[in-house]
**Q** 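Below is a structure I'd like to ask you about.
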Amino acid sequence: MRNTTVDVIQIPTKGPGDVSGLMNFIEAGKLEPTSILAILGKTEGNGGVNDFTREYAVSALSFALAPYVGVSPHDVEQKIAFVMSGGTEGVLSPHITVFARTAISGPHTGMVGKRLSIGIAQTRDFMPEELGRCEQIEETARAVHVAMADAGIEDRHDVHFVQIKCPLLTSDRIEAAHARGQKVVTTSAYGSMGYSRGASALGVALALGEIDRDVRDEHILRNWELFSSVASTSAGIELMHNVVIVLGNSDTSASPFVIGHGVMRDSIDSAAVIDTLKSVGLGFGETSDPSGQSRLVNIFAKAEASPDGSVRGFRHTMLDDSDIGATRHARAAVGGLISGLAGTGAVYVSGGAEHQGPPGGGPVAAIARQ
């Protein structure tokens, strides 16, 4: 029984605080604001600890949507899951992707197969000393199961992308833990982003049976054989809990869209991107023509510099550049590759892929209209 439908709209932005495109869709009657379940965005910040474009974007969206959903701007985040990923290096273009879910009734004859579905959940707030440790893994796994149920997805193989926004440590949070006699996983705010992303990704892997339950604190950022093929995690200063968005296909959905995924084994794995596009019905080169371009909604991917310092046997210098961080290098490289295959720079490429795909690689997912 198909009882929901999911719409997906990609909207370019002129800056982190630009909500005009979203408002145009709402005011034209093309988007019911109360049906919005999640908004994923790329902002033109540095993607680091002091990237406030993410918080700025969420604040602008919350204030714009508050009158339409009937709550205060602060409470909008309790109704809509926001995940802003900073960093649009190279050809990457700032944009937001809006997911709206509507309940339906009555038969939908002629629709074949499972269609795009979405579910959201949140963990509890974490204590600073819990970030990057098993507590974060276990709480994330529980939230993934809740989001799967919310999406109407029963089979874990129908999950194709799990986007998580997770916290990081700041000097204030570290000091608060020390004042209570607690030790944090690292005293580096920047380093804590990797620990939080990694633990969150392992939570997805645990929830979906990609790893066994014997995962320990010492595995995080050390045992790279443990990873999720569908997790995408992004750390930010603006929260202390994990926001979990599960995207997959379900026979309870009557959406005109489907989602598929693959795994890039390194930063230049174009074959994985091509196969991912094929999984949603877009053949190689189809996104170059207007009809194929109109069917593709977005591509979502993770990017990281290979930790062994090489790509297919050739040395890379991303880890040794004192001017530009490795995360920014990787986003630009993978963003350029995917943009070329997608025919657009408005793709969602997020840096920092700890335990998200194999080392140096990462998950990639595509949503397309059928």
Side-chain angles (χ1 to χ4, degrees), residues 6-14 21 25 30-31 38-44 83 85 87-100 111-118 159-161 163 229-230 232 245 247-249 253 255-303 330-351 353 356-357 361-370:
V6 175
D7 195 14
V8 193
I9 303 169
Q10 190 197 87
I11 304 171
T13 56
K14 301 172 184 176
F25 270 93
K30 297 178 180 179
L31 176 64
I39 300 179
L40 275 62
K42 287 297 302 181
T43 62
E44 56 265 48
V83 177
S85 171
T88 51
E89 299 81 3
V91 298
L92 291 175
S93 182
H95 66 279
I96 59 173
T97 305
V98 182
F99 294 84
M111 183 167 286
V112 178
K114 297 176 180 180
R115 296 302 180 99
L116 177 67
S117 189
I118 179 174
V159 175
H160 292 282
F161 200 68
Q163 178 62 56
S229 296
V230 296
S232 170
I245 303 172
L247 294 167
N249 296 316
S253 172
S255 173
F257 304 97
V258 296
I259 184 171
H261 85 277
V263 180
M264 297 177 68
R265 61 188 177 96
D266 55 37
S267 299
I268 57 174
D269 191 358
S270 58
V273 182
I274 293 169
D275 287 344
T276 299
L277 289 169
K278 287 180 179 177
S279 74
V280 293
L282 291 170
F284 179 64
E286 279 193 60
T287 53
S288 298
D289 65 65
S291 62
Q293 188 65 60
S294 65
R295 288 178 55 207
L296 177 65
V297 177
N298 209 339
I299 297 179
F300 306 86
K302 291 298 296 186
R331 266 196 305 266
V334 175
L337 174 75
I338 293 178
S339 295
L341 293 170
T344 174
V347 293
Y348 185 99
V349 178
S350 171
Q356 300 153 70
V364 57
I367 297 176
R369 183 182 294 273
Q370 295 302 286

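Here the structure is a predicted model, which is why all the values come from computation and not from measurement.
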**Q** What pair of heavy atoms forms the shortest contact from R369 to F257, and how long is it?
**A**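 In this case the closest contact between R369 and F257 is NH2-CZ, 3.4 Å.
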**Q** Indicate the atoms forming the closest heavy-atom contact of A368 with L282, along with that distance.
**A**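 Heavy atoms only, the tightest pair is CB-CD1, 4.0 Å.
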**Q** Quick one: pull up CD1 in I96 and CD in Q10 and give me the separation to the nearest 0.5 Å.
**A**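 One finds 9.5 Å between CD1 of I96 and CD of Q10.
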**Q** Between R265 and G361 (side chain of the first, backbone of the second, donor and acceptor by atom type, cut-off under 3.5 Å), is there such a pair?
**A**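 No; judged by distance alone, with no hydrogens or angles, the pair does not exist.
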**Q** For S229 versus P363, what's the shortest heavy-atom pair and its separation?
**A**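 Smallest interatomic distance, heavy atoms only, reads O-CB, 3.2 Å.
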**Q** Do L40 and F300 have side chains that get closer than 4.5 Å, going by heavy atoms?
**A**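 They are in contact (side-chain heavy atoms under 4.5 Å apart), so the answer is yes.
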**Q** Taking K42 for its side chain and G87 for its backbone only, find out whether a donor-acceptor pair lies under 3.5 Å.
**A**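 Yes, because the side chain of K42 sits within donor-acceptor range (under 3.5 Å) of the backbone of G87.
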**Q** Distance-only, no hydrogens or angles: does the H95 side chain make a donor-acceptor pair with backbone N or O of S93 under 3.5 Å?
**A**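 The answer is yes, because a donor-acceptor pair under 3.5 Å joins these two groups.
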**Q** For N249 and V258, which heavy atoms make the closest approach, and how far apart are they?
**A**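 Closest heavy-atom pair between N249 and V258: OD1-CA, 3.7 Å.
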**Q** With the side chain counted from C-beta on, respond yes when V98 and V8 share a heavy-atom pair under 4.5 Å apart, and no when they do not.
**A**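 Sidechains of V8 and V98: no contact.
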**Q** How many angstroms lie between CD in Q370 and CG in L116, if you round to the nearest 0.5 Å?
**A**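 Going from CD on Q370 over to CG on L116, the span is 10.0 Å.
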**Q** In sequence, state the C-alpha distance, the side-chain angles, and the governing distance for N298 and I367, and then conclude on side-chain contact (heavy atoms from CB on, under 4.5 Å).
**A** CA-CA 6 Å; N298 209 339; I367 297 176; 5.7 Å; no
**Q** Do T287 and L341 come close enough that some side-chain heavy atom pair is under 4.5 Å?
**A**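 Sidechains of L341 and T287: no contact.
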**Q** Between the main-chain N or O of S232 and the side-chain N or O of Q163, is there a donor-acceptor pair closer than 3.5 Å?
**A**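 Yes, Q163 side chain to S232 backbone: donor-acceptor pair under 3.5 Å.
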**Q** So does G336 get a backbone contact from the side chain of S339, meaning a donor-acceptor N/O pair under 3.5 Å?
**A**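 It does not hold such a pair.
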**Q** Would you mind reporting whether T344 and Q293 have side-chain heavy atoms less than 4.5 Å apart?
**A**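 Of all side-chain heavy-atom pairs linking T344 with Q293, at least one is under 4.5 Å.
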**Q** Could you check if a side-chain atom of I9 sits within less than 4.5 angstrom of a side-chain atom of L31, using non-hydrogen atoms only?
**A**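 In short, these two side chains touch, coming nearer than 4.5 Å.
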**Q** Any heavy-atom pair between the side chains of M264 and V273 that's under 4.5 Å?
**A**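 Sidechains of M264 and V273: in contact.
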**Q** Would you indicate whether the side-chain heavy atoms of I299 and L277 approach each other to under 4.5 Å?
**A**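 Yes, their side chains come closer than 4.5 Å.
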**Q** Does Q356 reach the main-chain N or O of A303 with its side chain, forming a donor-acceptor pair under 3.5 Å?
**A**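 No, Q356 side chain to A303 backbone: no donor-acceptor pair under 3.5 Å.
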**Q** I would like to know whether F99 and I245 meet side-chain contact (heavy atoms from CB on, under 4.5 Å); could you show each step before the answer?
**A** CA-CA 10 Å; F99 294 84; I245 303 172; 5.9 Å; no
**Q** Could you pull out the closest heavy-atom pair between I118 and A38, with the gap in Å?
**A**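 Shortest heavy-atom separation between I118 and A38 comes out as CD1-CB, 3.9 Å.
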**Q** If I take atom CZ from residue R115 and atom OG from residue S253, how far apart are they, to the nearest 0.5 angstrom?
**A**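 Here the rounded value is 8.0 Å.
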**Q** Please test Y348 against T97 for side-chain contact (heavy atoms from CB on, under 4.5 Å), starting from the C-alpha separation and ending with a verdict.
**A** CA-CA 9 Å; Y348 185 99; T97 305; 5.8 Å; no
**Q** Might you point out which heavy atoms bring D269 and V263 nearest each other, and give the distance in Å?
**A**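 Closest heavy-atom pair between D269 and V263: OD2-O, 3.8 Å.
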**Q** State, with a plain yes or no, whether a side-chain heavy atom of T43 is found less than 4.5 Å away from one of T88.
**A**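 When only atoms from C-beta onward are counted, T88 and T43 do not touch, as no gap falls below 4.5 Å.
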